[in-house]
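Quick notes on the structure that follows.
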2 protein chains.
Amino acid sequence: MCYDVPMQERTMGLRERKKQRTRAELTEAAILLFTDRGFDATTIEDIVGEVEVSPRTFFRYFDSKEDVVIGFFDDMGVELRGMLAARPQGEAPFTAVRRALGALIELFTSEPERVLAAKRLAYDTPAIRARLLDKHARWENGVTEELAARLGVDPERDPRPRLIASVALAAFSTAVSRWVDSGGREDLKALLNQSLDAVGTGLDRTPPASVG
Amino acid sequence: MCYDVPMQERTMGLRERKKQRTRAELTEAAILLFTDRGFDATTIEDIVGEVEVSPRTFFRYFDSKEDVVIGFFDDMGVELRGMLAARPQGEAPFTAVRRALGALIELFTSEPERVLAAKRLAYDTPAIRARLLDKHARWENGVTEELAARLGVDPERDPRPRLIASVALAAFSTAVSRWVDSGGREDLKALLNQSLDAVGTGLDRTPPASVG
DNA sequence: CCGTAACATGGCAGCGGTTGACAAAAGGCG
DNA sequence: CGCCTTTTGTCAACCGCTGCCATGTTACGG
């Protein structure tokens with residue numbers, strides 16, 4: 001985690017500004033090196049060499065080498081859950097999740113470069129992929145709990161919350177995959193709607209999707 | 001990986017037998033220690049100490065510390081894909097996957113202790129959980145490709161194969177989670193059917209599942 | 001302006017996982 | 001028994017990561 005909330009106060013002291021700068025420089029250098037010569041082939045020394053900072057300092061900013069890449073996705077889980085909690089009570093659960101996913105879409109598309117770089121790294125780096133999947137699983141747990149609360153059931157005994165959560169996120173995942181494959185050119189929101197529609201109406205009844 | 005297919009020939013020489021024995025002893029010792037004192041608190045030296053083997057040898061049998069736990073799940077991916085390929089062409093895709101998942105069920109329930117131990121370790125060990133999720137993702141890719149072939153479409157352009165795969169596996173996952181939570185006592189096949197039914201017919205229409 | 005407290009950094013030493021290289025032992029076989 | 005192949009042990013090294021302590025830098029009250 002390395003909780004370093006930027007403290008959006010004005011008059012943010014020199015100290016704070018310096019820290020943010022270092023962190024930004026480290027991330028940039030790291031991602032550059034990673035995408036250039038590969039994650040595994042890049043050592044911590046390589047990274048800190050670019051920023052002229054000690055290796056020890058690197059680990060004061062990031063819990064691990066992977067964190068540089070995936071730290072970006074940290075807040076999204078709470079964001080998603082928050083959005084879900086904000087949906088009106090009467091809404092059908094799957095629909096509520098669908099609406100909540102809109103928030104994630106916005107976060108993804110607000111910094112496409114960042115997301116695309118991370119996903120691309122995930123593609124051929126097991127360590128990154130694993131971390132991302134784990135994050136994804138956490139989101140699912142959050143959504144599951146929220147849905148359980150909303151339905152007033154125990155998520156350990158009633159399968160529906162987890163089921164809805166995992167299916168909705170699977171649809172999300174699928175949409176994002178396709179978005180990444182398109183290099184970020186296609187409309188993520190449209191892709192997501194397409195996936196969710198297919199899932200929401202029963203899979204063997206999925207109409208031939210118009211894709212081409 | 002560390003492909004060590006046991007070579008089911010009879011007259012398997014002493015050499016081969018010894019290897020299998022060492023491997024078995026290592027896995028047993030490792031899992032015991034892991035579940036006892038925790039994965040991170042267990043060092044490679046601890047493990048090899050029990051079996052009286054050098055640390056170097058450990059890494060000749062397993063690619064990593066995690067592999068001792070998850071190596072067991074290695075073949076399941078190909079198994080699943082094979083089962084799917086064997087389904088008749090006319091079958092609706094989601095239904096075909098459902099049938100194929102039966103094979104996994106059998107593997108899971110054939111050695112429940114092993115699976116339960118692995119899942120329990122995954123629960124509180126990020127490293128293991130990550131590896132398992134990655135394996136799961138690979139299964140999904142396999143199913144996706146197979147479905148795409150079966151539908152005669154390009155999985156990069158048509159979302160349906162991936163969607164069906166991820167949703168079906170999400171249902172599988174949910175069922176397994178519940179099975180693990182029950183300590184392996186509930187009927188995994190029934191749980192799976194329940195999940196798949198709910199998913200196959202559209203989620204907001206899911207009837208209040210009878211659980212209690 | 002200064003002194004001090006609070007905090008950020010650097011350096012170091014160390015642990016543990018992982019790998020390569022080479023030499024020693026042990027099984028397979030004539 | 002000897003030779004060949006495979007497996008094992010030893011050793012050295014790299015790298016990610018952490019704790020500890022010293023040093024430097026910023027914040028702040030007098």
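We name chains A, B, ... by the order of the sequence lines, and we start the count at 1 in each one. Remember, it's a predicted structure, so these values are computed and weren't measured experimentally.
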A:Arg120 to A:Phe34, cation-pi by 6.0 Å centre distance and 45° axis angle: no
Heavy-atom donor-acceptor pair, B:Arg17 side-chain to C:dG27 base, under 3.5 Å: no
Spacing between B:Arg60 atom CZ and C:dA24 atom C1', to the nearest angstrom: 12 Å
Comparing A:Leu14 and B:Thr22 on DNA chain D - which has the more 5′ nearest nucleotide: B:Thr22
Any residue of residues 42-57 of chain B with a heavy atom less than 4.0 Å from an atom of DNA chain C: B:Thr42, B:Thr43, B:Ile44, B:Arg56
Between C:dT19 (C1') and A:Asp40 (CG): distance, integer Å: 13 Å
Under 3.5 Å donor-acceptor, A:Ser173 side chain and A:Ala170 backbone: no
Contact under 4.0 Å: B:Lys18 side-chain N or O vs C:dG27 OP1/OP2: yes
Test item: side-chain donor near acceptor, B:Ser54 and B:Thr57, under 3.5 Å: yes
Short N-O contact, A:Glu145 and A:Arg81, less than 4.0 angstrom: yes
Steps toward salt bridge (charged side-chain N to carboxylate O under 4.0 Å, His left out) verdict (A:Asp74, A:Arg138): CA-CA 10 Å; A:Asp74 268 348; A:Arg138 280 175 207 284; over 6 Å; no
Side-chain touch B:Pro161/B:Val153, heavy atoms, less than 4.5 angstrom: yes
A:Phe72 ring center within less than 6.0 Å of A:Phe108 ring center: no
Spacing between A:Lys65 atom NZ and C:dG17 atom P, to the nearest angstrom: 18 Å
Interatomic distance, B:Leu26 CG vs C:dG17 P [rounded to whole Å]: 14 Å
Distance in angstrom units between B:Phe58 CZ and C:dT18 P, rounded: 8 Å
Within 6.0 Å of CZ in A:Arg37, more than 12 heavy atoms from elsewhere: yes
Spacing of B:Phe59 atom CZ relative to C:dG20 atom C1', expressed in whole Å: 14 Å
Protein-nucleotide distance (A:Glu16, atom CD; C:dT9, atom P), rounded to Å: 10 Å
B:Ser64 side chain to B:Glu66 side chain, donor-acceptor N/O pair below 3.5 angstrom: yes
DNA chain D: 5'-most and 3'-most nucleotides touching chain A, 4.0 angstrom heavy-atom criterion: D:dG16 to D:dA27
Euclidean distance, atom CG of residue B:Asp63 to atom P of C:dT18 [Å, nearest integer]: 9 Å
